[in-house]
Student: 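Let me give you the structure first, and then I'll get to my questions.
Basis for what follows: all heavy atoms, side chains included, without hydrogens, waters or symmetry-related copies. The chains referred to below are lettered A, B, ... by the order of the sequence lines, with proteins before strands, and numbering in each begins at 1.
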Amino acid sequence: MRRYSSSTYSLEGFLKLLSKVQEAVARIAYPPGESLADIKNVAAVDVAYRDETYFSAAVIYDCIRENLAEKAYETGVAEFPYIPSYLLLREVLPMMAAVQRLGSGWDLLLVDGHGRAHPRMCGLATFLGFMLGRPTLGVAKKLLVGERREYLQGLDEIIYRGERVGFAVGGPGVKTFYVSQGYGVGYGDLIKILNIFKMRYPEPLKIAHAETVRLRRGLVQKG
DNA sequence: GCGACAG
DNA sequence: ATCTTGTCGC
């Protein structure tokens with residue numbers, strides 16, 4: 001009988017295995033061109049913390065009426081620490097729980113974190129979409145990998161390992177944010193989505209973040 | 001070895 | 001992410 005390496009049971013061994021899973025998900029996550037038809041109800045999810053307790057909030061935003069349509073929450077104890085490039089360990093389950101409470105009345109989910117613009121081309125946004133089996137888009141406030149290359153005014157491509165993995169959006173007087181494909185979203189969809197939100201940081205995510213703070217403050221009623 | 005490192 | 005006061009500006 002063969003013997004197993006102790007690294008299989010160490011944190012390093014575990015992360016190495018997870019890396020393989022991320023690479024496998026990356027291979028099936030990004031369809032070419034466009035794949036989303038109508039984008040009307042856009043969901044968004046975010047998580048806040050106080051010590052080791054997490055407060056996650058998910059919302060559905062109606063892009064036609066331009067208003068909030070639904071909210072859902074989840075609170076619990078964080079099971080993992082934050083390890084750079086392994087954010088999904090800490091946030092995937094808290095986010096998924098809140099999102100599942102929304103039901104399925106949304107066309108796309110915006111996730112606070114990167115998607116394809118990741119060392120293994122599979123960040124939190126991509127992985128969450130894979131677990132849900134639904135389209136997601138990664139929206140982050142800081143660049144994790146890659147370099148910016150001018151594409152259009154106020155819009156840079158993010159190049160990593162010779163390929164475009166996302167876009168940096170911003171310009172003079174406007175804070176830059178970074179978007180990349182999550183699961184089941186083509187780069188053509190990505191451009192369409194940026195236009196829906198007029199090249200600004202997506203309102204659904206602003207709302208989700210605000211709800212996360214309200215929840216932590218104990219201002220959210222049960223029901 | 002050194003520095004960087006989504007939230 | 002979180003810990004934190006005041007402060008500049010619309």
Student: Quick check: do A:Leu137 and A:Val111 have side-chain heavy atoms less than 4.5 Å from each other?
Tutor: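 Of all side-chain heavy-atom pairs linking A:Val111 with A:Leu137, none is under 4.5 Å.
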Student: Listing time: all N or O pairs from protein to nucleotides 4-7 of chain B that are below 3.5 Å?
Tutor:
unit_1: B:dA6; atom_1: OP2; unit_2: A:Tyr82; atom_2: OH; d: 2.2
unit_1: B:dA6; atom_1: N7; unit_2: A:Ser85; atom_2: N; d: 3.4
unit_1: B:dA6; atom_1: N6; unit_2: A:Ser85; atom_2: O; d: 3.1
unit_1: B:dA6; atom_1: N6; unit_2: A:Leu87; atom_2: N; d: 3.3
unit_1: B:dA6; atom_1: N6; unit_2: A:His118; atom_2: NE2; d: 3.3
unit_1: B:dA6; atom_1: N1; unit_2: A:Leu124; atom_2: N; d: 3.0
unit_1: B:dA6; atom_1: N3; unit_2: A:His114; atom_2: N; d: 3.0
unit_1: B:dG7; atom_1: OP1; unit_2: A:Lys141; atom_2: N; d: 2.7

Student: Dot-bracket for DNA chain B, 5' to 3', counting Watson-Crick or G-U wobble pairs under 3.5 Å, with [ ] for crossing pairs and | for inter-strand pairs?
Tutor: .......
Student: Report yes if some heavy atom in the side chain of A:Leu68 is under 4.5 Å from a heavy atom in the side chain of A:Asp62; otherwise report no.
Tutor: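 No, every pair of side-chain atoms sits at 4.5 Å or beyond.
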Student: Distance-only check: which donor-acceptor pairs under 3.5 Å involve side-chain atoms of residues 159-172 of chain A, not counting sequence neighbours?
Tutor:
unit_1: A:Arg161; atom_1: NH2; unit_2: A:Pro119; atom_2: O; d: 3.0
unit_1: A:Glu163; atom_1: OE1; unit_2: A:Arg116; atom_2: NH2; d: 2.6
unit_1: A:Arg164; atom_1: NH1; unit_2: A:Glu157; atom_2: OE2; d: 3.0

Student: Taking the side chain as C-beta and beyond, is there a heavy-atom pair between A:Trp106 and A:Val99 under 4.5 Å?
Tutor: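 Result yes, sub-4.5 Å side-chain heavy-atom pair found.
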Student: Of all residues at least two apart in sequence or in a different chain, which pass the ring pair (Phe, Tyr, Trp, His ring centres under 6.0 Å) check with A:Tyr54?
Tutor: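 Testing A:Tyr54 for ring pair (Phe, Tyr, Trp, His ring centres under 6.0 Å), a comparison that skips the adjacent residues, returns none.
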Student: In this structure, which one of A:Lys206, A:Lys141, A:Lys142 forms a salt bridge (charged side-chain N to carboxylate O under 4.0 Å, His left out) with A:Asp112?
Tutor: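 The salt bridge (charged side-chain N to carboxylate O under 4.0 Å, His left out) with A:Asp112 is passed solely by A:Lys141 among A:Lys206, A:Lys141, A:Lys142.
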Student: Does some side-chain heavy atom of A:Tyr30 sit less than 4.5 Å from a side-chain heavy atom of A:Pro32?
Tutor: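 Counting from C-beta outward, A:Pro32 and A:Tyr30 never come under 4.5 Å.
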Student: Is the closest side-chain heavy-atom distance between A:Met121 and A:His114 below 4.5 Å?
Tutor: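 Side chain of A:Met121 against side chain of A:His114, heavy atoms only: no contact under 4.5 Å found.
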Student: Is there side-chain contact between A:Val92 and A:Leu124, with heavy atoms separated by less than 4.5 Å?
Tutor: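 With C-beta onward as the side chain, the pair touches.
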Student: Could you spell out the base pairing of DNA chain C in dot-bracket, with Watson-Crick or G-U pairs whose two distances are under 3.5 Å, [ ] crossing and | to another strand?
Tutor: ..........
Student: Can you pull the contact range of chain A along DNA chain C, 5' to 3', using atoms under 4.0 angstrom from its heavy atoms?
Tutor: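 In short, chain A contacts DNA chain C from C:dA1 to C:dT2.
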Student: Heavy atoms, side chains only, cut-off 4.5 Å: are A:Leu102 and A:Val59 in contact?
Tutor: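 No, too far: nothing below the 4.5 Å cut-off.
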Student: Does the Lys NZ or Arg CZ of A:Arg90 fall within the cation-pi geometry relative to A:Tyr49 - under 6.0 Å from the ring centre and within 45° of the axis?
Tutor: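 Yes - A:Arg90 lies over the ring of A:Tyr49, closer than 6.0 Å to its centre and within 45° of its axis.
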Student: Assess the side chains of A:Tyr61 and A:Glu203: does a donor N or O sit below 3.5 Å from an acceptor N or O?
Tutor: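 Distance-only check fails for A:Tyr61 and A:Glu203.
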